[in-house]
Amino acid sequence: MLCIGDVLDREQVAGLRAEIDTLAFVDGRATAGWAARLVKNNEQAEAGTRVDALRKRIASHITDNELFQIAVRPKALTPLLISRYWQGNQYGAHVDDALMQGMRTDISFTLFLSEPDSYDGGELVIETNAGEQPFKLSAGSMILYPSSTLHRVAPVERGSRLAAVGWARSYVRSPEQREILFDLETVRRDMFEREGKSNAFDLLSKCSSNLLRAWADD
Ligand code: NI
């Protein structure tokens with residue numbers, strides 16, 4: 001699980017929100033599997049040309065983000081959903097579909113588009129070995145979590161919660177391997193900052209690159 005701050009800056013969030021406000025929304029159950037449909041109670045921007053363009057724009061901000069690239073190693077993304085929860089809306093515990101439009105889902109993500117103080121409730125709650133963990137990030141920030149987890153969106157008790165959600169297929173299927181690659185890449189960048197392209201840096205680059213080669217399914 002990883003939180004990435006400021007995927008979008010304030011201006012970008014404001015611009016997107018203004019456009020999203022003019023879109024038509026439909027019942028979110030349309031895109032849920034039969035069991036998730038029982039607990040899903042929100043709305044989503046209705047598919048159409050303007051929504052498609054908007055989704056692509058948001059997706060390119062996400063895929064351009066360096067942390068996203070090294071944490072996810074994305075091979076492909078599903079089209080994003082723009083979801084809105086009004087007061088009383090929620091999404092009960094569910095697991096995301098393993099396959100979406102023929103693509104295996106490895107990583108789920110939520111990009112928050114409402115400021116946390118503008119609504120009450122509406123936390124994304126993820127089940128972990130250490131118990132439930134709630135997330136409510138600032139507008140423009142994003143959380144990534146394994147698609148294999150049970151998770152829910154707590155009821156919104158005031159205001160409205162706007163978010164873009166999506167799924168990525170990773171070149172590296174295993175979360176443990178992705179974490180090792182992420183840590184190695186972090187160390188590699190730190191090392192470069194400190195000592196430039198040293199022999200140790202080259203050797204670490206070789207390890208990191210060859211592990212990715214060994215673990216990637218292309
Ligand atoms: Ni979900």
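None of these values were measured; they are calculated from a predicted model.
Checked against the 6.0 Å centroid threshold, Phe135 and Tyr145 do not count as a close aromatic pair.
Within 6.0 Å of atom CG in Asn210, more than 12 heavy atoms from other residues, nucleotides or ligands are found, so the atom counts as buried in its surroundings. The environment of Glu132 atom CD is dense: over 12 non-hydrogen atoms of other residues, nucleotides or ligands sit within 6.0 angstrom. For Arg37, the CZ atom sits in a packed shell: over 12 heavy atoms of surrounding residues, nucleotides or ligands are nearer than 6.0 Å.
Here the options are Gln177, Lys75, Arg178, the test is side-chain contact (heavy atoms from CB on, under 4.5 Å), and the partner is Ser170; only Arg178 passes. When each of Ile126, Val95, Thr128 is tested with His151 by the rule side-chain contact (heavy atoms from CB on, under 4.5 Å), just one qualifies, namely Ile126.
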Chi angles and distances behind the side-chain contact (heavy atoms from CB on, under 4.5 Å) call for Leu113, Leu8: CA-CA 9 Å; Leu113 294 170; Leu8 304 170; 3.9 Å; yes
Please evaluate residues Leu137 and Met142 with respect to the criterion side-chain contact (heavy atoms from CB on, under 4.5 Å), reporting the C-alpha separation (whole Å), side-chain torsions for both, the decisive distance (0.1 Å), and the verdict. CA-CA 7 Å; Leu137 307 184; Met142 177 165 78; 5.6 Å; no
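Between Phe192 and Phe201, the ring-plane angle classifies as tilted under the 30° and 60° cut-offs.
Phe182 and Val172 are members of different hydrophobic clusters when ILVMFWY side chains are connected at heavy-atom separations under 4.5 Å. No single ILVMFWY cluster, assembled from side-chain heavy atoms under 4.5 Å apart, contains both Val72 and Leu212. Trp86 and Tyr91 are assigned to two separate hydrophobic clusters, defined by single-linkage of ILVMFWY side chains at heavy-atom distances under 4.5 Å.
Between the side chains of Thr31 and Lys40, at least one donor-acceptor pair of N or O atoms lies under 3.5 Å. Remark: the Ser138 side chain and the Ser141 side chain contain an N/O donor-acceptor pair separated by less than 3.5 Å. Remark: the Ser108 side chain and the Trp167 side chain contain an N/O donor-acceptor pair separated by less than 3.5 Å. For the residue pair Thr105 / Arg169, no side-chain donor-acceptor distance below 3.5 Å is found, with atom types taken as modelled. Side chain to side chain, Asn89 and Asn41 meet the donor-acceptor criterion of an N or O pair below 3.5 Å. Judged purely by distance below 3.5 Å, without hydrogens or angles, the side chains of Arg213 and Ser209 pair a donor atom with an acceptor atom.
Contact between Ala36 and His94 at its shortest, heavy atoms only, is CB-CB, 4.1 Å. Across all their heavy atoms, Leu81 and Gln44 have their closest contact at CD1-OE1, 3.7 Å. In plain terms, the two heavy atoms of Leu144 and Ala71 that are nearest each other are CD1-CB, 4.0 Å. The two residues Ser83 and Asn42 have their closest heavy-atom pair at CB-ND2, 3.9 Å. Heavy atoms only, all atoms of each residue included: Leu181 and Ser208 are closest at CD2-O, 3.8 Å.
Ser198 places no side-chain N or O within 3.5 Å of a backbone atom of Glu195 that could act as its donor or acceptor partner. Without hydrogens or angle criteria, Asn65 side chain to Phe68 main chain gives a donor-acceptor distance under 3.5 Å.
Figure legend: Arg161 and Tyr85 shown as a cation-pi pair, the cationic atom lying under 6.0 angstrom from the six-membered ring centre and within 45 degrees of its axis. Taking the centre and axis of the six-membered ring of Tyr119, the NZ or CZ atom of Lys136 falls inside the cone set by 45° and 6.0 Å.
Between Glu185 and Arg189 there is a salt bridge, with a side-chain nitrogen of the basic residue lying less than 4.0 Å from a carboxylate oxygen of the acidic one. Using a 4.0 Å cut-off between charged nitrogen and carboxylate oxygen, Asp217 and Arg173 do not count as a salt-bridge pair. Salt bridge annotation for Arg50-Glu19: absent, with no cationic side-chain nitrogen under 4.0 angstrom from a carboxylate oxygen. In summary, Arg104 and Asp106 engage in a salt bridge, as defined by a charged side-chain N under 4.0 Å from a carboxylate O.
Going from atom CG of Leu184 over to atom CE of Met191 covers 10.0 Å, rounded to the nearest 0.5 Å.
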